[in-house]
Amino acid sequence: MDLPELPKRLFTLGEEPEPVKSISYHIDDTKLFTAIMGALHPDEYQELRDSKLGVFLKFKELNFAWTSRLVHFMLCFKLDIKKKYELWCLVGPEPVRFSLIEFEHLTGLNCDYVENLENLRCEVMEETIAFWQLLGVGIDAVPTTEQIIAACKRCSEWSQDDRMRLGYLAIFTGFIEGRKFSTVTRASLTRLVMDLKEFENYPWGRVAFKVLMDSLWNKDLTKSYTIDGFVQVIQVWVYYALPEFGGEYGHPVKNKPSPPLLAYNGGKGRIFFKDAIRKHVIPSEDL
């Protein structure tokens, strides 16, 4: 059966641009998570690790090896489609897709639909003002990585709930948001942390996916560039979507832990990734 005609490639095959330098990003700050581990009591850290957002801490514990060149070249294999929240890359006879479906499967995060996902109106209560004062942050601001690290040094006398709030905000800033600068709108979103259960159950997977895809949209890959959000998931997606490639270059973790985000240690050493990806053959059962 003839395959339908595919959209044009973003770059002509064989003419994909070499990376100018490594992709810049604002997540996965080792100092931030070292500070959180030191600030939380062991049982508090374990509770955070076991929560619905704990996958980020487990991912950090892997010491995942980021491979900028791999992600860059996979992005260069993109097809020029008009869907902002889908990524199609042509490898082999058929393209592979990265969408909210794949993101949810890889991370195990809550990606449910809610109205006004990033524009919630959380009432500012006295308790909220008091906690933001503990953080040393204005009520209309999202705590920065540096402010959270600073708060970790003085939170020993805080209540357990306030320390847990600090932990959740570290995950928000360090993985979900992943931006250099934030906005007042995002501050309203972070106020959900005043209700720990509500914060844990919010569809942060959908928020994280949107931050990432908004940043990738119309990115100029011929220059140096920065990607906001949880960009490492793109690398894991490459390993997962191209299992033979992932098995050879992704350094799989034994016993295939779940979710798939935790199933690889990442790349190590200098590999000619563009040629390696291009030569990859998708297993026949996946065609």
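Between F56 and F33, the ring centre distance reaches or exceeds 6.0 Å. Two rings, from W88 and F98, have their centers 6.0 Å or more apart. Outside the 6.0 Å centre-distance limit, the rings of F103 and W237 are not counted as a close aromatic pair.
Residues satisfying the salt bridge (charged side-chain N to carboxylate O under 4.0 Å, His left out) test with R163, not counting sequence neighbours, are E44. Shown here are the side chain to side chain donor-acceptor pair (under 3.5 Å) partners of Q46, two or more places apart in sequence or in another chain: D50. The salt bridge (charged side-chain N to carboxylate O under 4.0 Å, His left out) search around D43 returns none, not counting sequence neighbours. Under the side-chain contact (heavy atoms from CB on, under 4.5 Å) criterion, E104 pairs with C111, not counting sequence neighbours. Considering only residues two or more places apart in sequence or on other chains, K256 meets the salt bridge (charged side-chain N to carboxylate O under 4.0 Å, His left out) condition with none of them.
Here R69 pairs with E18 in a salt bridge; the nearest charged N to carboxylate O distance falls below 4.0 Å. For the pair R49 and E61, the salt-bridge criterion is met [side-chain N within less than 4.0 Å of a carboxylate O].
Between C155 and D162 there is no side-chain heavy-atom pair separated by less than 4.5 Å. Side-chain atoms of V238 and Y249, non-hydrogen and from C-beta on, never get closer than 4.5 Å to each other. Side-chain contact between Y85 and F209: present, with at least one pair of heavy atoms (C-beta onward) separated by less than 4.5 Å.
Checking side-chain atoms of D29 against main-chain N and O of L32 turns up a donor-acceptor pair under 3.5 Å.
Only one option out of L100, L87, D228 pairs with M213 in a side chain to side chain contact (heavy atoms under 4.5 Å, CB included); it is L87.
Counted within 6.0 Å of NZ on K219, heavy atoms from surrounding residues, nucleotides or ligands total more than 12; the atom is thus considered enclosed. By the 6.0 Å contact criterion, NZ on K84 is enclosed, its count of non-hydrogen atoms from other residues, nucleotides or ligands being greater than 12.
E198 and Y202 form no side-chain donor-acceptor contact under 3.5 Å, judged by distance and modelled atom types alone.
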Would you give me the side-chain donor-acceptor pairs under 3.5 Å for residues 126-138, sequence neighbours excluded?
residue : atom : partner : partner atom : Å
E127    : OE2  : R165    : NH2          : 3.4
T128    : OG1  : M125    : N            : 3.4
W132    : NE1  : A141    : O            : 3.0

